[in-house]
Amino acid sequence: MLTSTSRTPSAAARILRSKVSGGLIADMGIHDFDVARMYMGDVKSVYAIGCTLAYPEMKTVGDIDNAIINMVSRAARWAPCT
């Protein structure tokens, strides 16, 4: 099992970048996905949930501030990314 945790610098920075970055998962989570694939191999399935808990202003740009993503590899390894 691989566990990965990322933190964004600030809500203000995320709001400014959200319009062009693709959102929290595309902008920040992609790096966690790369590391998970490096250790686990090809991914068979992904389960994800996201919400706005800490910074309600993220909703104004259609983004989230928290996400939990669980990936299962073809070799049946599991990686939670929070």
#### Entry: I49 atom CD1, over 12 foreign heavy atoms within 6.0 Å
no
### Query
In Å and rounded to the nearest 0.5 Å, what is the CZ to CE distance from F33 to M38?
15.0 Å
### Message
Would you compute the distance between atom CD1 of I68 and atom OH of Y47 and round it to the nearest 0.5 angstrom?
### Response
15.5 Å
### Query
Would you call I64 and I25 a side-chain contact if the rule is heavy atoms closer than 4.5 Å?
yes
### Sequence-distant partners of V43, side chain to side chain contact (heavy atoms under 4.5 Å, CB included), two or more places apart
R37, V46, M71
### Value rounded to 0.5 Å, distance of SG in C51 from CE in M58
12.0 Å
### Summary
When rounded to the nearest 0.5 Å, the distance separating CG of D32 from CG of D34 is 9.0 Å
### Message
So, taking the atom named CG in N66 and the one named OH in Y55, what distance separates them when rounded to the nearest 0.5 Å?
### Response
9.5 Å
### Message
Checking the side chain of D65 only, and the main-chain atoms of L53 only, is there a donor and an acceptor separated by less than 3.5 Å?
### Response
yes
